[in-house]
Amino acid sequence: MVTISLPDGSKREFVKGTTLIQVAKDISSNLAKNVVVAVFNGVETDLNSELFTDGSVEFLDFSDERAKEVYRHSSAHILAQAVKRLWPDTALAIGPAIDKGYYYDFNSSHTFTPEDMPLIEKEMKKIIKENQPILREVMSRDEAVEFFASINEPFKVELIKDLPDDEDISLYRQGEFVDLCKGPHLPTTGKVKHIKLMSLAGAYWRGDKDNPMLQRIYATSFPTLEELEDYITKVEEAKKRDHRKLGKELGLFVLLDEGPGFPFFLPKGMILRNELENFWREEHAKAGYNEIRTPIILNRQLWENSGHWEHYQENMYFTTIDETDFAIKPMNCPGSMLVYKQNLHSYREFPLRIAEMGLVHRHELSGALHGLMRVRSFTQDDAHIFMLPEQIIDEIKGVIDLVDRFYSLFGFSYHVELSTRPEKAMGSAEMWDKATNALITALNEKGLTYKLNEGDGAFYGPKIDFHLQDSLDRTWQCGTIQLDFQMPEKFDLTYVGEDGEKHRPVMIHRVIYGSIERFIGILTEHFAGAFPAWLAPVQVKVLPIAERHHAYALEIVKMLQNSNIRVEADTRSEKVGYKIREGQLQKIPYLLVVGDKEIEGATISIRHRKKGDLGSQSVKDFINTLSEEIGNKII
RNA sequence: GCCGAUGUGGCUUAGGGGUAGAGCAGCUGAUUCGUAAUCAGCAGGUCGGGAGUUCAAAUCUCCCCAUCGGCUCCA
């Protein structure tokens, strides 16, 4: 017998060889129905596995993240099985669970098309209905290599060869289908209830662009139809918030064939942008920054000196002026270095914070362009901070605070990543360690948790990145803090220390918004176009009911304008319902309806875009409350 | 850049070998009507660009360009 203890502290006895699913059944049939995976002695374990030793067991249902992963992973196997049935010459690559579903990468002589998706779904449903048991097998490495070679699965062979020599290889079998897999898995294919293929895509084998391109099928699955439909609805809803769609509808910006990746900002988009910049200038002045502006085109020698010519060339644009090579700046730092060098600096000036709203151009791959999120010309809200080594940690903490001040103002949640030395890097390993440790210390002292990205740093230093989410939960890097010991060296930057001698300053590059363009993209999706009043391109629209109310409407407009409120009047000969509809679609914060009643009482009727009709008020009171809302940047 | 899909007036879109149809927006006129679309009329596209097949191409083929979904890469 084996003794099994359960999370509630109770213990039960079973004969040796009892499977975990039988244990679940013994507890309750409902549990057995909902359980996805067991945790036996702290290890996630197949429900089909048999018990031979005492231990503790916890059963997880779909609501647990670990269970979701198992559920989706088994779903991926079903997808692969279906594809193999339909196109037997297909070779399997990998098929993991991902955030909201799973995918499987295939190499097939058949090119998958959207028309294939219903076929595959149908076959998957068939496999689910067959309710095949999913069984684990173990082979030695050599056996496994031989086996997968024999069934023409070259990618699997390659995967096995990369596993540690001494490790046994586990396989999972369901009916005629078998896959190399660490597991664990669901006990049967019938445990998967509702599946949906989402999209087709290309993907390089092992994510390396020098490898062959495979065909990837993205899909998702849920235990109930309701959850699946919920998810699909959410995706549909999220698409409505897409900044590219809203940017067009709200007249914020356009991207044209004439300038792929080079956005045009329209009048309304400019208002938004200018508000963001104004706020930025105010905050940076308060935080002790000086602002500069450096040229967009600078000569080749500068870029050779900075290392960009060697390390960043494939992303740069070039031009020739009077037979001399110039580059269009992809970053602002070299310009900032030159500004630093215009004066002799004392340690007393430090930390010296030099900011620049710098327009940079980078050659991004055509397939990578994405609305305002990924463009080829963008404005970085850059700053370079020059300081003493002992000021590093405090200064980084200061920037972290500034980032938080900005992001929380907009109600963003964000996550932090730390990137370390890349292969193509300048400077010694010691320098990098020192720099990386400084970033880690600052993060720890701020109590921030972060994701570590080994080898993802800039070529001149390690960095802390701040990531924000778009409407489809894709994350985009916005703020970044990069420590740089290289640039001051390259440009021979110095300051005069307490001892009267020249010393080398350290420097950080940092941005808060990241790029104004990307930030506007994120902001648009975050607010679904309904920007807080302080950012709204049009804050108020006055809607006269009939022509005889036009004069009064224009009077109101004047009054609001005099209070620096962005206001328009809609004097077309349309019914108020029509004007309101349009105002709502334009997401204007306040619509003011004026007719006979309002003229008589010298008031206005206020309609808030979300709260609806707020009744009437005097113009003066409205101006006061709105001015306060704008002034305090209420979201 | 790579894989796949898409590309019709300002926007959304019908049409899939016989020389483009609609709704919204626009303009004109009528209407002056209180909280998400008043009515009528007019005008607007040669179908992303180029080449080819054909008596005939928006519709078929090829090559470009752009966009979308991914991959790769990055703010």
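Throughout, a chain's letter reflects where its sequence line sits, starting with A, and its residues are numbered from 1.
Between A:Lys248 and B:U12, a side-chain N or O to OP1/OP2 separation shorter than 4.0 Å is present.
For the pair A:His284 and A:Leu402, the minimum side-chain heavy-atom distance is below 4.5 Å.
Using a 4.0 Å heavy-atom distance criterion, A:His370 is classed as a sugar-phosphate-only contact. As judged by a 4.0 angstrom heavy-atom cut-off over every strand, A:Gln586 is placed among residues making no nucleic acid contact. Across all strands shown, A:Arg216 has heavy atoms under 4.0 Å from sugar-phosphate atoms exclusively, and none from any base. Residue contacts shown for A:Ser366 include a base, since a base heavy atom lies under 4.0 Å away. Among the atoms of the strands shown, only primed sugar atoms or phosphate atoms (P, OP1, OP2) are found under 4.0 Å from some heavy atom of A:Asp257. If you check every strand for non-hydrogen atoms under 4.0 Å, A:Arg244 touches sugar and phosphate atoms only. Using a 4.0 Å heavy-atom distance criterion, A:Leu585 is classed as a base contact.
Nearer the 5' end of RNA chain B, as judged by each residue's closest nucleotide, is the contact made by A:Asp208, out of A:Asp208 and A:Gln380. Where A:Val511 and A:Val593 each meet RNA chain B at their nearest nucleotide, the meeting point lying more 5' is that of A:Val593.
Ring centroids of A:Phe318 and A:Trp309 are separated by less than 6.0 Å, placing the two rings close together.
Looking at A:Trp280, A:Phe412, A:Phe406 one by one, the single match for ring-ring contact (aromatic ring centres under 6.0 Å, His included) with A:Phe519 turns out to be A:Phe412.
Checked against B:U31, B:C73, B:U67, the side chain of A:Arg374 finds its nearest nucleotide in B:C73. In the set B:C73, B:G34, B:C71, the nucleotide with an atom closest to the side chain of A:Lys597 is B:G34. Comparing B:A36, B:A5, B:A30 against the side chain of A:Ser573 picks out B:A30 as the nearest. Taking every side-chain heavy atom of A:Lys575 into account, B:U38 is the closest of B:C2, B:U38, B:A66.
We find that the ring of A:Trp476 and the base of B:A75 do not stack by the test of centres under 5.5 angstrom and planes tilted less than 30°.
Evaluation of atom-type donor-acceptor distances gives no pair under 3.5 Å for the side chain of A:Gln215 against the base of B:G70. With hydrogens and angles ignored, no donor-acceptor pair under 3.5 angstrom links the side chain of A:Tyr204 to the base of B:G70.
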- CA sep, side-chain torsions, deciding dist, call: A:Ser605, A:Lys597, side chain to side chain donor-acceptor pair (under 3.5 Å): CA-CA 9 Å; A:Ser605 284; A:Lys597 272 191 288 180; 5.9 Å; no
